[in-house]
Amino acid sequence: MGLQVLPPSPKSAGPIRHRRYRDMRLTNYFLPVLRETPAEAQIASHRLMLRAGMIRQASAGIYSWLPLGFKVLRRLEQIVHEEQQRAGHIPLLMPTLQSADLWRESGRYDDYGEEMLRITDRQGREMLYGPTNEELITDIFRSAVGSYRDLPVTLYHIQWKFRDEMRPRFGVMRGREFLMKDGYNFDLTKEDALHAYNRHMVTYIRTYERMGLKAIPMRADSGPIGGDYTHEFLVLAPTGESEVFYDRAVTDLTLGNREIDFADREAVREICDTWTAPYARTDETHDAAVFEVVPEERRVVGRGIEVGQIFYFGTEYSEPMKAVVVNEAGERVPVHMGSHGIGVSRLVGALIEANHDDRGIIWPEGVTPFHVGIVNLKQGDGEADAACEALYSGLKARGLDPLYDDRDERAGGKFATMDLIGLPWRITVGPRGLKNGVVELTSRRTGESEEMSPEAAIDRCAQIYAGL
RNA sequence: CGGAGUGUAGCGCAGCCUGGUAGCGCACCUGCUUUGGGAGCAGGGGGUCGGAGGUUCGAAUCCUCUCACUCCGACCA
């Protein structure tokens with residue numbers, strides 16, 4: 001046999017496929033969905049995150065975030081940043097590894113126990129992977145601030161934490177490594193610090209609301225962090241770890257998109273009063289006698305997932321760590337502090353627990369990894385392909401982030417994938433509809449479909465996401 | 001950390017009891033036919049059976065040790 005010139009085959013045009021930056025066509029993306037559920041996953045969010053190709057377990061309680069999961073995580077971070085900065089809180093970034101010395105100073109190096117991952121570096125220095133950052137932030141503060149004139153200040157960051165849980169489980173809901181927003185306020189007086197506490201309560205309520213969650217502030221135990229004032233935020237979900245008792249009135253409250261002046265102490269406190277007035281407690285602080293006072297038809301016993309907690313702890317850290325400022329009278333006084341946390345990676349799980357059905361995830365519009373899924377029912381059909389391309393670029397031109405399923409798959413497979421990954425809106429494009437000049441816009445949540453022109457579908461999507 | 005389990009192909013599993021050199025479904029690759037809710041046929045690729053040691057002519061299978069992971073409990077963003 002001599003040299004043979006093979007004719008170019010349209011289906012194997014060569015091994016190299018060029019991937020365009022930020023091109024969200026499914027054939028150019030990385031979305032390893034699983035048809036079957038991995039055996040280790042017990043609860044819905046864990047199962048769905050694995051099946052939808054959002055995460056992959058690296059070791060017990062430690063996960064890689066695959067592109068789809070990473071996108072959601074980033075979106076949640078963005079919302080947290082926006083809401084914190086709206087209230088005047090200042091972002092920074094502290095490291096994951098910390099020196100043991102600081103923790104000896106606060107006395108927590110020995111108190112924290114086995115949950116703290118301790119590491120020794122090559123010089124024999126004792127380090128630890130931070131489970132939280134009170135010590136480090138206090139050190140930063142005290143070395144930079146000396147006068148009451150520099151107060152108040154609230155600093156926060158979003159950083160990975162590690163707590164060596166005895167028994168990690170439920171996927172990202174109870175991992176050992178987790179992403180957390182933690183913030184710390186430094187104030188001259190208790191009153192100032194309580195205003196910071198209230199500010200955080202309001203920002204948290206708004207943060208969860210934007211994510212499409214019903215999160216209720218509940219009076220909590222302060223635990224190892226200490227302090228008298230603390231609230232936990234619980235997302236209602238039947239699979240929650242904590243039993244919760246609340247007055248139905250609290251779930252009717254909505255903060256909405258109203259303008260809030262965070263400098264106005266009265267206004268901020270009023271919102272907090274409104275939200276904390278109805279009875280709402282976890283099993284840890286539940287008081288049956290007080291609960292009885294709530295009219296029976298409004299009493300609800302359910303389950304919840306803790307997704308945040310705020311503390312005021314006064315001078316508990318500033319005293320031992322000598323975080324002091326000089327006040328107006330020239331005296332050195334310890335600052336009043338509080339800390340506030342949102343479990344960002346855990347929220348991804350909580351969101352799914354609260355928003356799914358037997359076919360998959362149902363993302364709220366505020367957090368969805370992609371705004372709209374485009375399903376081409378007849379890939380390779382010139383007209384269908386062209387219509388999808390037009391929709392895709394039309395949606396992008398309106399500032400939306402579509403995911404175009406351009407795989408050479410059957411309709412059933414494409415629908416199943418879309419349902420699984422839970423994009424709230426889907427545009428279905430097929431020859432049958434195109435004959436009449438229409439595509440189909442479908443809500444993942446209700447399953448309702450409506451036929452309309454491609455232009456109208458783009459308009460509707462732009463409308464849905466306006467302001468989110 | 002106490003108790004109970006499981007490690008065999010990317011995922012779900014069978015084979016182990018009774019040793020004879022690895023199989024099924026899905027996924028993947030090729031071709032043809034199909035194509036509005038997870039197609040059909042034909043062909044194909046992929047696993048040193050978690051690891052180490054031992055018993056044996058021969059080990060996925062029996063024994064010992066070890067590692068990893070999961071579930072129940074106590075603990076926790």
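All figures in this text were calculated on a predicted structure; none of them were measured in a lab.
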What integer number of Å spans the [atom1] atoms of [N] and [M]?
N       : M       : atom1 : value
rA59(B) : rG54(B) : P     : 12 Å
rG37(B) : rG45(B) : P     : 35 Å
rC16(B) : rA74(B) : C1'   : 36 Å
rU8(B)  : rA60(B) : P     : 15 Å
rA4(B)  : rG46(B) : P     : 42 Å
rC17(B) : rU34(B) : C1'   : 47 Å

Report the base-pairing partner of [N] (Watson-Crick or G-U wobble, both distances below 3.5 angstrom), or none.
N       : result
rA74(B) : none
rC11(B) : rG25(B)
rC16(B) : none
rC69(B) : rG5(B)
rU48(B) : none
rU35(B) : none
rU56(B) : none
rU61(B) : none

Atom-to-atom span, [atom1] of [X] to [atom2] of [N] - whole angstrom:
X       : N       : atom1 : atom2 : answer
N133(A) : rA77(B) : CG    : P     : 15 Å
I43(A)  : rU70(B) : CD1   : P     : 13 Å
I55(A)  : rG10(B) : CD1   : P     : 19 Å
R47(A)  : rC71(B) : CZ    : P     : 12 Å
R51(A)  : rG10(B) : CZ    : C1'   : 15 Å
L50(A)  : rA27(B) : CG    : P     : 19 Å
M166(A) : rG2(B)  : CE    : C1'   : 11 Å
K378(A) : rG37(B) : NZ    : P     : 13 Å

Side chain of [X]: nearest nucleotide among [options]?
X       : options                   : answer
R169(A) : rG38(B), rC71(B), rA77(B) : rC71(B)
A60(A)  : rA77(B), rU70(B), rG38(B) : rU70(B)
R167(A) : rC69(B), rA77(B), rC71(B) : rC71(B)
E165(A) : rG38(B), rG73(B), rA77(B) : rA77(B)
L34(A)  : rG36(B), rG38(B), rC11(B) : rC11(B)
Q42(A)  : rC71(B), rG36(B), rC69(B) : rC71(B)

For this session: Between E241(A) and F170(A), name the one whose nearest nucleotide on RNA chain B is closer to the 5' end.
Result: F170(A)

Exercise. With nearest nucleotides of RNA chain B determined for R426(A) and V172(A) from heavy-atom distances, which residue corresponds to the more 5′ nucleotide?
Worked result: R426(A)

Could you pull out the protein-nucleic contacts involving nucleotides 39-42 of chain B (nitrogen or oxygen on both sides, under 3.5 Å)?
{"from": "rA39(B)", "atom 1": "OP2", "to": "R410(A)", "atom 2": "NE", "distance (Å)": "3.0"}
{"from": "rA39(B)", "atom 1": "N9", "to": "R410(A)", "atom 2": "NH1", "distance (Å)": "3.3"}
{"from": "rA39(B)", "atom 1": "N7", "to": "R410(A)", "atom 2": "NH1", "distance (Å)": "3.4"}

Exercise. Is R346(A) positioned over the aromatic face of F178(A), cation under 6.0 angstrom from the ring centre and no more than 45 degrees off axis?
Worked result: no

For this session: Sequence neighbours left out, what passes side chain to side chain contact (heavy atoms under 4.5 Å, CB included) with E126(A)? Give chain and number order.
Result: A100(A), R104(A), Y109(A)

Exercise. Quick one: side chain to side chain contact (heavy atoms under 4.5 Å, CB included) partners of D110(A), sequence neighbours excluded?
Worked result: none

Exercise. Taking the six-membered ring for Trp, is the centroid-to-centroid distance between Y312(A) and Y197(A) below 6.0 Å?
Worked result: no

For this session: Consider only side-chain N and O atoms of T154(A) and R199(A), and report whether a donor and an acceptor are under 3.5 Å apart.
Result: yes

For this session: Determine whether the side chains of Q85(A) and Y156(A) contain a donor N or O and an acceptor N or O closer than 3.5 Å.
Result: yes

Exercise. Any side-chain N or O of Q57(A) under 4.0 Å from OP1/OP2 of rU70(B)?
Worked result: yes

Problem set entry | Matching residue for L423(A) among L403(A), T417(A), D401(A) - test: side-chain contact (heavy atoms from CB on, under 4.5 Å) | L403(A)

For this session: Select base, sugar-phosphate, or nothing to describe what G341(A) touches, counting heavy atoms under 4.0 Å on all strands.
Result: nothing

Problem set entry | Heavy-atom donor-acceptor pair, R407(A) side-chain to rG38(B) base, under 3.5 Å | no

Seminar exercise, completed: So the ring pair (Phe, Tyr, Trp, His ring centres under 6.0 Å) pairs with at least one residue in residues 337-379 of chain A (sequence neighbours excluded) are Y29(A)-F370(A), H200(A)-H340(A), H371(A)-Y465(A)

Expected rows: protein N/O vs nucleotides 12-14 of chain B N/O, under 3.5 Å:
{"from": "rG12(B)", "atom 1": "OP1", "to": "A39(A)", "atom 2": "N", "distance (Å)": "2.7"}

Problem set entry | For RNA chain B, the residues among residues 350-362 of chain A that have a non-hydrogen atom under 4.0 Å from it | R359(A)

Output all residues satisfying side chain to side chain donor-acceptor pair (under 3.5 Å) with [X], sequence neighbours left out; order by chain, then residue number.
X       : value
R47(A)  : none
D187(A) : N185(A)
D358(A) : none

Seminar exercise, completed: With sequence neighbours left out, the residues meeting salt bridge (charged side-chain N to carboxylate O under 4.0 Å, His left out) with E455(A) are none

Pairs of donor and acceptor atoms involving the side chains of residues 425-441 of chain A, under 3.5 Å and at least two apart or interchain, shall be tabulated with distances.
{"from": "W425(A)", "atom 1": "NE1", "to": "E365(A)", "atom 2": "OE2", "distance (Å)": "2.7"}
{"from": "R426(A)", "atom 1": "NE", "to": "T428(A)", "atom 2": "OG1", "distance (Å)": "3.0"}

Problem set entry | Aromatic-base stack, F178(A) on rA77(B), cutoff 5.5 Å, angle under 30 | yes

Solution key, residues 58-68 of chain A side-chain donor-acceptor pairs under 3.5 Å, sequence neighbours excluded:
{"from": "Y63(A)", "atom 1": "OH", "to": "H46(A)", "atom 2": "NE2", "distance (Å)": "3.4"}
{"from": "Y63(A)", "atom 1": "OH", "to": "Q57(A)", "atom 2": "OE1", "distance (Å)": "3.3"}

Exercise. Would Y229(A) and F311(A) count as a ring-ring contact (aromatic ring centres under 6.0 Å, His included) if you check the C-alpha gap in whole Å, the side-chain angles of each, and the deciding distance to 0.1 Å?
Worked result: CA-CA 6 Å; Y229(A) 294 80; F311(A) 301 89; over 10 Å; no

